[in-house]
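The block underneath contains the structure these notes are about, expressed in structure tokens.
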Amino acid sequence: MKENKENISSNMTSIKNIGQALQERRHHMHITQKQLADMADIGINTLYKIETGQANPTIESLQKIADVLGMEISLQVKKI
């Protein structure tokens, strides 16, 4: 049970980190949430929730946002 709670906590941290990285890149590019949502063809509420770590976004949504921001999604083997 403890492992499960740790995994959930780790996942929430990862989601917040992703949201923060997207938000930082958006600010760097001087793009508003509305502009990014429109360009990525996603809802502004969805984008807000992703940036604030309140959503569990689909890979498709993340890919759309990453494409607009000139970012890429990658998967790495975790170092143990």
Side-chain angles (χ1 to χ4, degrees):
M1 187 65 95
K2 185 178 179 183
E3 266 185 48
N4 226 5
K5 287 182 182 179
E6 289 174 1
N7 286 341
I8 291 170
S9 178
S10 177
N11 288 343
M12 294 303 291
T13 300
S14 296
I15 291 168
K16 287 182 181 182
N17 289 343
I18 290 168
Q20 185 177 11
L22 295 173
Q23 185 180 52
E24 288 173 4
R25 178 67 175 165
R26 179 177 61 78
H27 286 160
H28 177 76
M29 296 178 69
H30 306 288
I31 299 172
T32 67
Q33 282 185 332
K34 174 79 170 109
Q35 290 169 327
L36 178 54
D38 288 346
M39 288 187 278
D41 194 30
I42 63 169
I44 191 164
N45 289 332
T46 300
L47 177 59
Y48 171 80
K49 288 178 181 179
I50 292 170
E51 284 190 351
T52 58
Q54 298 176 33
N56 190 6
T58 64
I59 296 295
E60 181 182 5
S61 293
L62 288 176
Q63 188 63 59
K64 287 179 178 182
I65 295 166
D67 285 346
V68 172
L69 295 176
M71 300 174 82
E72 65 181 22
I73 297 171
S74 65
L75 185 64
Q76 298 178 355
V77 176
K78 189 185 285 189
K79 294 179 183 175
I80 313 176

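Note that the structure is predicted; figures quoted are calculated from it, not measured.
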Pairs where residues 31-47 contributes a residue and the test salt bridge (charged side-chain N to carboxylate O under 4.0 Å, His left out) is met, not counting sequence neighbours: K34-D38
Report, one line per pair, each donor and acceptor closer than 3.5 Å where one atom sits in a side chain of residues 18-30; sequence neighbours left out.
residue: Q20; atom: NE2; partner: E24; partner atom: OE2; Å: 3.3
residue: R25; atom: NE; partner: L69; partner atom: O; Å: 2.7
residue: R25; atom: NH2; partner: L69; partner atom: O; Å: 3.1
residue: R26; atom: NE; partner: E51; partner atom: OE2; Å: 2.6
residue: R26; atom: NH1; partner: I31; partner atom: O; Å: 3.0
residue: R26; atom: NH2; partner: E51; partner atom: OE1; Å: 2.9

Closest non-hydrogen atom pair, A66 against I73: CB-CG1, 4.4 Å
Qualifying residues under side-chain hydrogen bond (donor to acceptor under 3.5 Å, both in side chains), relative to N45, sequence neighbours excluded: none
Distance in Å, L47 CG paired with Q35 CD, rounded so as to fall on 0.5 Å steps: 11.5 Å
Residues in side-chain hydrogen bond (donor to acceptor under 3.5 Å, both in side chains) contact with T52, at least two apart in sequence or another chain: Q54
Joint cluster assignment, V68 & M71, ILVMFWY side-chain distance < 4.5 Å: yes
Nearest heavy-atom neighbours spanning S61 and I42: OG-CG2, 4.4 Å
Pairing residues for E72 by the side chain to side chain contact (heavy atoms under 4.5 Å, CB included) criterion, not counting sequence neighbours: none
